[in-house]
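What follows is a short report on a single structure.
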Amino acid sequence: MTVTTDFLNQLNPSQRRAVEHFCGPLLVVAGAGSGKTRALTYRIANLILNNRVDPENILAVTFTNKAAREMKERVERLFAEQEALARHGKPLQALSEYEQIQLRSYVYKTFIKHLWIGTFHALCSRILRFDIEKYQSEAGHRWTKTFSIFDESDAQSLVKSIVVSKMNLDDRAFNPRSVRFAISNAKNQGYDAAEYEQANQTFKGRTIAEVYRYYQAGLAENNALDFDDLIRLPVQLFRQNSQVLNYWHRRFRHILVDEYQDTNRTQYDLLRLLTTNGQAGRFDDWENRSVFVVGDADQSIYSFRAADFTILMGFQNDFGDGLPDDDTRTLVKLEENYRSTSNILDVANYLIENNTERIDKILRATRGEGETIACYRADDEVAEAEYVVGQIRSLEFDHPELSWGDCAILYRANAQSRALEEVLTRYSIPYRVVGGLRFYDRREIKDVLAYLRLVANPADSVSLKRVINTPRRGIGKTTIDNLEKAAQELGVPLWEIISDETSAKTLAGRSGKAVVGFAKMVQSWQDKVDSATASEIVQDVLADTSYLETLQARGTEDDLERGQNIQELYNAVLQFEEENSEDASLLAFLANASLNSDLEDSKNEGNEVSLMTLHASKGLEFPVVFLVGLEQGLFPSNRSLDDAAAIEEERRLCYVGLTRAQDRLFISHARLRRLYGSDRTPAMPSIFLGELPPDYIQTNIATALPERWTKTQRQAKLSQTRQSSDRPGTHADDWTVGEPVSHPAFGEGKVTHIFGAGNKICLAIHFPGLGKKIIDPKVSTLERVSS
DNA sequence: GTGGAGGCTGTTTTT
DNA sequence: CAGCCTCCAC
């Protein structure tokens with residue numbers, strides 16, 4: 001392929017600067033719709049085509065599978081287009097179908113196949129399949145490369161069994177759900193049980209630390225990892241084994257990270273280790289090496305999962321040159337929005353200005369004003385749905401160029417989809433619920449997967465217990481208890497007891513025959529796990545267990561659907577084998593099933609209205625967006641109402657929703673809402689509604705949007721806040737680390753860090769009881785507290 | 001050991 | 001309104 005810079009002409013100057021950056025660190029602050037995926041994909045292409053980087057040396061990390069898939073596709077298309085020009089002197093579309101296929105397969109084999117593009121979890125599970133056997137935890141636990149990946153419900157039931165059976169705790173005070181949550185959080189911040197205990201010296205803290213210890217032992221006994229360990233283990237392994245780290249450090253010379261504001265401590269540690277090879281302090285050996293992160297603090301919506309956007313704020317000090325914005329060479333801001341009309345953008349900008357935790361950033365519109373934003377107050381959730389559907393139908397009529405696929409309905413919680421679905425069905429409008437009840441979370445699918453996990457990893461007692469009596473084969477609770485007790489006493493996995501004919505028969509008594517039969521059946525699958533394909537094993541499992549027949553025999557509508565789902569799973573296995581011919585092993589399939597839980601996505605690209613949560617909408621865009629359910633207690637959610645920082649996160653979520661819209665934006669709320677089977681309860685309009693600029697918004701009734709500003713007044717106010725950078729307290733010299741300050745919403749705290757320099761700064765402030773916050777003194781007024 | 005009835009609880013977002 | 005758990009009758 002010839003060297004070319006033509007494709008770089010499609011970029012604006014900032015994008016181009018980001019894309020052409022070669023070695024060293026770079027932070028790209030990328031507002032909504034500013035072309036960050038474009039920057040990422042073009043950068044990958046540029047590294048390979050112009051800087052002659054071997055695709056094997058590139059690692060691109062995303063946050064969701066969807067994003068990874070999209071990035072892969074876009075890189076592939078970019079290469080194919082370049083290759084078409086180079087080879088045939090014509091654009092890709094001008095080639096015959098045959099030539100296009102040829103080209104694509106060449107591009108795939110030469111470039112795409114060798115790139116590592118995936119989520120943190122997928123990346124780490126790949127690393128662990130190579131190296132996990134070199135790892136031993138502080139507590140002495142080890143894993144083998146056939147490890148299972150426990151999903152959230154597996155993890156929770158393990159916690160539960162520890163809380164209830166092992167430690168005899170009151171499961172009201174130590175609710176397994178919240179204990180699991182505490183452990184997960186600890187892990188994501190990089191704490192092991194001892195460190196967690198150190199930081200939480202209360203009865204509760206010590207007890208949770210104890211559960212944490214048992215829980216880790218339990219995972220190890222099952223030869224299993226939870227989602228958090230998938231990332232934590234590589235970090236620990238890298239710290240204890242410099243050879244392993246060195247291998248991966250040399251392998252990944254150019255690292256790209258999408259949605260950097262969503263990384264948590266452990267993920268950051270991983271990136272840092274990979275980049276610096278474990279070197280502490282300032283890192284400066286950037287020869288043939290780069291770390292390129294892209295993010296937007298205003299779109300940080302995953303702090304409930306321990307994401308920490310102060311990591312993004314700290315990049316310049318961590319890796320970069322730490323110079324002020326105007327002088328730095330390690331920061332690029334993408335501030336031009338190509339997606340939305342200026343009306344939509346203004347409304348979004350106006351809303352997000354209500355947050356105090358921000359960095360100064362302007363998002364400039366490049367498109368015209370467009371339509372005004374519609375806000376509708378409905379009587380109840382059904383009327384709201386009818387309004388949405390009515391609008392879709394009239395758009396259909398007035399704008400034939402629009403189709404159903406151009407419309408998205410966004411909501412805060414999955415449960416809200418029901419009313420919408422009912423009305424959409426009533427009017428025969430095709431729709432698709434994105435990521436609702438996940439395919440791999442269905443009971444029948446989990447059953448089959450549990451069989452497969454047991455085949456791959458006999459130590460997985462959680463899976464074993466799940467399937468030993470599904471379908472019913474007369475092995476009851478008492479029997480399992482007996483077998484389990486024996487396993488515990490001998491310190492071996494449950495499977496060892498069950499698969500030993502003599503022990504099984506003795507211990508299981510009346511059910512002995514059934515247990516032995518079950519064990520022999522599983523054994524027969526295990527015997528061919530290395531020679532047979534994944535799909536063959538699935539076939540065997542289904543045939544030998546008569547799973548489908550059992551469903552058929554019951555024959556309810558649900559059972560029929562379950563049967564179809566299993567059929568679907570089988571298809572998924574076949575498809576997986578086709579797409580991953582290099583490694584189509586059972587293990588690879590299982591990892592894929594655990595980590596890539598959004599199965600339906602790829603095929604249903606038809607012309608349908610999309611329904612999804614706001615979280616699921618991040619990174620997407622639609623010509624027409626409906627944002628529904630703007631009510632206090634729903635959005636912002638009940639749990640955030642008394643927590644300033646949580647409200648800010650909800651506001652960012654709202655900002656994400658608004659900025660998904662390209663041309664038309666509809667907002668709605670209901671006066672009465674029925675949720676969780678209760679009676680219809682009155683609902684107040686969301687505070688966010690009051691924070692939108694009324695003159696941009698058309699309402700169906702004179703709603704209580706407070707204070708009417710004219711557009712000019714608004715703009716004056718906006719630029720006033722922006723120009724306030726000369727105010728006292730906005731310059732780096734105004735502050736010193738360690739000094740006590742007071743914030744209007746968070747109260748008193750201590751400055752722990754100053755980001756940036758000159759008058760473009762952010763302060764990290766620790767507020768007792770609230771934790772660390774990043775504050776921009778230009779946005780919120782800080783006062784010095786005299787001590 | 002099975003299966004159903006009935007009671008209780010918890011409901012935000014996801015890899 | 002689920003989904004889960006417990007309890008009870010077979």
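Numbers restart at 1 for each chain; the letters A, B, ... are given by sequence-line order, proteins then strands.
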Quiz prompt | Spacing between A/Arg418 atom CZ and C/dC1 atom C1', to the nearest angstrom | solution = 6 Å
Quiz item: Roughly how many Å is it from CD in A/Glu422 to P in C/dC1, rounded to a whole number?
Solution: 10 Å
Self-check item: Integer-rounded Å distance: B/dT15 P and A/Leu225 CG
Solution: 18 Å
Quiz item: Under 6.0 Å between the ring centres of A/Phe63 and A/Tyr302?
Solution: yes
Exercise. May I ask you to verify if any side-chain N or O of A/Asn264 is less than 4.0 angstrom from the OP1 or OP2 atom of B/dT15?
Key: no
Exercise. With the side chain counted from C-beta on, respond yes when A/Arg442 and A/Arg562 share a heavy-atom pair under 4.5 Å apart, and no when they do not.
Key: no
Self-check item: Phosphate contact (B/dG1 OP1 or OP2) by A/Thr478 side-chain N/O below 4.0 Å
Solution: yes
Practice problem: Measure the acute angle between the ring planes of A/Phe252 and A/Trp248, then classify it against the limits of 30° and 60° as parallel, tilted or perpendicular. | Solution: parallel
Exercise. Report yes if the ring of A/Tyr302 lies under 5.5 Å from the six-membered base ring of B/dT14 with planes under 30°, and no otherwise.
Key: no
Practice problem: Starting at atom CG of A/Leu270, determine the distance to atom C1' of B/dT15, rounded to an integer number of angstrom. | Solution: 14 Å
Exercise. Please work out if A/Ser594 contacts a base, only the sugar-phosphate, or nothing of the nucleic acid, heavy-atom cut-off 4.0 Å.
Key: nothing
Quiz prompt | Pairwise side-chain contact, A/Val211 with A/Phe174, heavy-atom cut-off 4.5 Å (strictly under) | solution = no
Quiz item: Between A/Glu259 (CD) and B/dT14 (C1'), how many Å, whole number?
Solution: 13 Å
Quiz item: Starting at the 5' end of DNA chain B, which residue's closest nucleotide do you reach first, A/Arg305 or A/Ile475?
Solution: A/Ile475
Quiz item: To the side chain of A/Thr613, which of B/dT15, B/dG1, B/dT13 is closest?
Solution: B/dT13
Practice problem: Measure from the side-chain heavy atoms of A/Ala616 and tell me the nearest of B/dT15, B/dT14, B/dT2. | Solution: B/dT14
Quiz item: Under 4.0 Å between a side-chain N or O of A/Ser637 and OP1 or OP2 of B/dT13?
Solution: no
Quiz item: Expressed in angstrom and rounded to an integer, what is the separation of A/Phe304 atom CZ from B/dT11 atom C1'?
Solution: 15 Å
Quiz item: Below 3.5 Å, does any donor atom in the side chain of A/Arg472 face an acceptor in the base of B/dT2, or the other way round?
Solution: no
Exercise. Remember a base hit wins even if backbone is also touched, and classify A/Ser640 as base, sugar-phosphate or nothing at under 4.0 Å, heavy atoms.
Key: nothing
Quiz item: How far, in whole Å, is C/dC4 from B/dT13 if one measures between their C1' atoms?
Solution: 23 Å
Quiz item: Any luck finding a side-chain donor-acceptor pair between A/Asp151 and A/Tyr440 under 3.5 Å?
Solution: no
Quiz prompt | Gap between atoms CD and C1', on A/Gln156 and B/dT9 respectively (whole Å) | solution = 14 Å
Practice problem: Classify the nucleic acid contact of A/Phe63 as base, sugar-phosphate or nothing, counting any heavy atom under 4.0 Å across all strands shown. | Solution: sugar-phosphate
Quiz prompt | Any side-chain heavy-atom pair of A/Phe181 and A/Asn175 under 4.5 Å | solution = no
Quiz item: Does the pair A/Asn354 and A/Ile687 meet the rule for a side-chain contact (heavy atoms from CB on, under 4.5 Å), with working shown?
Solution: CA-CA 11 Å; A/Asn354 288 287; A/Ile687 46 162; over 6 Å; no
Name the pairs: protein N/O against N/O of nucleotides 4-9 of chain C, kept only if under 3.5 Å.
residue, atom, partner, partner atom, Å
C/dC5, OP1, A/Lys160, NZ, 3.1

Self-check item: Main-chain N/O of A/Leu230 paired with A/His121 side-chain donor or acceptor, under 3.5 Å
Solution: no
Practice problem: Would you mind telling me which of A/Leu158, A/Val159, A/Val164 makes a side chain to side chain contact (heavy atoms under 4.5 Å, CB included) with A/Ile162? | Solution: A/Leu158
Quiz item: Base, sugar-phosphate, or nothing for A/Asp151, non-hydrogen atoms under 4.0 angstrom?
Solution: nothing
Exercise. Please work out if A/Phe120 contacts a base, only the sugar-phosphate, or nothing of the nucleic acid, heavy-atom cut-off 4.0 Å.
Key: nothing
Quiz item: For the pair made of CZ in A/Arg177 and P in B/dT9, what is the distance, rounded to whole Å?
Solution: 15 Å
Quiz item: Quick one: is B/dT15 close enough that its OP1 or OP2 comes under 4.0 Å of any side-chain N or O from A/Arg232?
Solution: no
Quiz prompt | Residue mapping more 5' on DNA chain B - nearest nucleotide basis, A/Asp228 or A/Ala413 | solution = A/Ala413
Exercise. Scan A/Arg639 against the nucleic acid and name what it touches under 4.0 Å (heavy atoms): base, sugar-phosphate only, or nothing.
Key: base
Practice problem: Taking only the side-chain nitrogens and oxygens of A/Asn414, find out if one of them lies under 4.0 Å from OP1 or OP2 of B/dT13. | Solution: yes
